Amino acid sequence: MELNSCSITIINLFLLLNFSVLCLSQDFDFFYFVQQWPGSYCDTKQHCCYPKTGKPAADFGIHGLWPNYNDGGYPSNCDPDSRFDKSEVSDLIRTMEEEWPTLSCPSNDGIKFWTHEWVKHGTCSESELDQRQYFESAIALKRKANLLSALTNAGIEPNDEFYKLEEIRDAIKEAIGYTPGIECNVDSLGNSQLYQVYLCVDTSGSDFIECPLLPRARCGSSIQFPKF
């Protein structure tokens with residue numbers, strides 16, 4: 001049977017559509033939910049810029065909600081047609097400014113940061129979460145974790161003092177129920193500082209789980225919890 005050019009075009013479009021759907025529904029195994037301490041961010045960069053809304057609260061801020069594979073790999077930039085749409089989260093913007101602030105320079109409104117997180121990571125979770133759900137989930141996870149409270153309740157304060165890495169890890173595990181990953185930075189004086197905390201989340205973006213694997217710590221045995 002011979003196919004005319006019109007039939008071939010229709011078949012090609014059908015195959016392309018199905019391939020696109022397959023890519024969008026690509027599975028992942030879990031999320032890393034990553035929060036960062038602003039004092040360490042500013043020390044790492046040796047400078048930082050407060051957002052246009054002013055200096056953020058002295059609290060952990062969301063860095064991102066990142067789909068990952070159990071083998072350590074991760075998908076990224078999964079849907080080039082899905083852009084960050086501010087209108088989808090317009091009523092969340094004030095909350096995002098508080099819970100997901102940017103410290104990058106020059107001072108800005110956070111849109112570039114949130115756009116990056118959605119395009120690189122959020123688009124790879126579209127089989128589970130649409131854009132609004134993605135940002136809502138991250139905000140809900142931050143409130144559920146309440147990292148600063150977990151640490152201060154254990155006597156670990158952001159006061160420039162040094163604490164044992166194991167004490168920090170145990171305090172978070174005691175409060176949340178799961179072992180966190182701890183990432184450190186090094187400031188200009190060579191001090192190892194508490195920089196980012198990784199928690200693992202199921203593919204629904206709702207519940208913390210034990211991490212299938214944790215990022216390499218690269219921390220000293222004692223780390224500083226800097227003021228902000």
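Treat the numbers as computed from the prediction; the structure is a model and nothing was measured.
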Does the S40 side chain pair with the main chain of L194, one donor and one acceptor, at a distance under 3.5 Å?
yes

Looking at N70 and D29, would you say the former's side chain and the latter's main chain have a donor-acceptor pair under 3.5 Å?
no

Kindly indicate, with the supporting measurements, whether the criterion side chain to side chain contact (heavy atoms under 4.5 Å, CB included) is fulfilled by Y163 and Q224.
CA-CA 6 Å; Y163 301 91; Q224 187 184 41; over 6 Å; no

Where do F135 and W114 land on the ring-ring contact (aromatic ring centres under 6.0 Å, His included) test, with the steps shown first?
CA-CA 9 Å; F135 288 99; W114 304 326; 7.3 Å; no

If you compare all heavy atoms of T152 against all heavy atoms of P158, which two are closest, and at what distance to 0.1 Å?
CG2-CD, 4.4 Å

Roughly how far, to the nearest 0.5 Å, is CD of E98 from CG of L92?
11.5 Å

For atom NZ of K144, decide whether the heavy atoms of other residues, nucleotides or ligands shown that lie under 6.0 angstrom number more than 12.
yes

Taking atom CD of Q131 and atom CG of D79, what is their separation to the nearest 0.5 Å?
10.5 Å

Only counting residues at least two apart or in another chain, list the ones meeting ring-ring contact (aromatic ring centres under 6.0 Å, His included) with F33.
none

Mind running ring-ring contact (aromatic ring centres under 6.0 Å, His included) on F113 and F84 for me, showing each step along the way?
CA-CA 10 Å; F113 184 24; F84 177 76; over 10 Å; no

Are any of the side-chain heavy atoms of P51 and P56 separated by less than 4.5 Å?
yes

Does E99 have any salt bridge (Lys or Arg N to Asp or Glu O under 4.0 Å) partners at least two apart in sequence or in another chain, and if so, which?
K142, R143

Using ring centroids (six-membered ring only for Trp), state whether F60 and W37 fall under 6.0 Å.
yes

Would you indicate whether the side-chain heavy atoms of L147 and I176 approach each other to under 4.5 Å?
yes

Return yes if a side-chain donor-acceptor contact under 3.5 Å exists between Q196 and H63, otherwise no.
yes

Closest approach of C124 and N77, non-hydrogen atoms and distance?
SG-N, 3.7 Å

More than 12 heavy atoms from other groups under 6.0 Å of NZ on K55:
yes

Atom pair CD/CZ of E157 and F225 - distance to nearest 0.5 Å:
8.5 Å

Strictly by side-chain hydrogen bond (donor to acceptor under 3.5 Å, both in side chains), give each pair with a member in residues 212-222 just once, sequence neighbours left out.
none

Indicate the atoms forming the closest heavy-atom contact of Q35 with A145, along with that distance.
NE2-CB, 3.9 Å

Output, in order, the C-alpha distance, side-chain angles, deciding distance and verdict of side chain to side chain contact (heavy atoms under 4.5 Å, CB included) for W118 and T123.
CA-CA 6 Å; W118 169 252; T123 57; 3.6 Å; yes

Show me the side-chain donor-acceptor pairs of residues 202-213 shorter than 3.5 Å, one per line, residues at least two apart or across chains.
unit_1 : atom_1 : unit_2 : atom_2 : d
D202   : OD1    : S204   : N      : 3.4
D202   : OD1    : S204   : OG     : 2.8
D202   : OD1    : G205   : N      : 3.3
D202   : OD1    : S206   : N      : 3.2
D202   : OD1    : D207   : N      : 3.3
D202   : OD2    : S204   : OG     : 3.2
S204   : OG     : S206   : N      : 3.3
S204   : OG     : S206   : OG     : 3.2
E210   : OE2    : T179   : N      : 3.1
E210   : OE2    : T179   : OG1    : 3.2

If hydrophobic clusters are built from ILVMFWY residues whose side chains come within less than 4.5 Å, do I93 and L103 share one?
yes

Could you state whether I156 and L165 fall into the same hydrophobic cluster, counting links through intermediate Ile, Leu, Val, Met, Phe, Trp or Tyr residues with side-chain heavy atoms under 4.5 angstrom apart?
yes

Spacing of CG belonging to D160 relative to CZ belonging to F228, to within rounding of 0.5 Å:
13.0 Å

So which atom in Y69 and which in D27 form the shortest heavy-atom distance, rounded to 0.1 Å?
CE2-O, 3.2 Å

Roughly how far, to the nearest 0.5 Å, is the NZ atom of K120 from the OG1 atom of T115?
14.5 Å

Sidechain-backbone polar pair: N191 side chain, Q193 backbone, donor-acceptor under 3.5 Å
no

Assess the residue pair V34 and V197 against the criterion (side chain to side chain contact (heavy atoms under 4.5 Å, CB included)); give the C-alpha distance rounded to whole Å, side-chain angles, the decisive distance to 0.1 Å, and a yes or no.
CA-CA 6 Å; V34 187; V197 176; over 6 Å; no

Quick one: does F31's side chain get under 4.5 Å of H121's, heavy atoms only?
no

Do I223 and F162 have side-chain heavy atoms sitting under 4.5 Å apart?
no

OG-CG distance between S125 and D130, expressed to the nearest 0.5 angstrom:
9.0 Å

When you check the side-chain N and O atoms of W66 and E117, is any donor under 3.5 Å from an acceptor?
yes

What pair of heavy atoms forms the shortest contact from L65 to Y134, and how long is it?
O-OH, 2.7 Å

Donor-acceptor pair, distance only, cut-off 3.5 Å: does the side chain of N153 make one with the backbone of S149?
yes

Taking disulfide (SG to SG under 2.5 Å) as the cut-off, I'd like each qualifying pair that reaches into residues 153-195, sequence neighbours left out, listed once.
C184-C219

Salt bridge (Lys or Arg N to Asp or Glu O under 4.0 Å) partners of residues 82-94, not counting sequence neighbours, each pair once
D91-R132

Pair I172-I182, side chain to side chain contact (heavy atoms under 4.5 Å, CB included): steps then yes or no:
CA-CA 10 Å; I172 296 172; I182 306 295; 4.2 Å; yes

Between F28 and N68, is any pair of side-chain heavy atoms under 4.5 Å apart?
no

Do you know which two heavy atoms are closest between L148 and A58, and how far apart they sit?
CD2-O, 3.3 Å

Any side-chain donor paired with an acceptor under 3.5 Å for S82 and E126?
yes

Using the six-membered ring wherever Trp is involved, compare the ring planes of Y32 and Y198 and label them parallel, tilted or perpendicular (cut-offs 30° and 60°).
perpendicular

Hey, does V89 have a side-chain heavy atom less than 4.5 Å from the side chain of M96?
yes

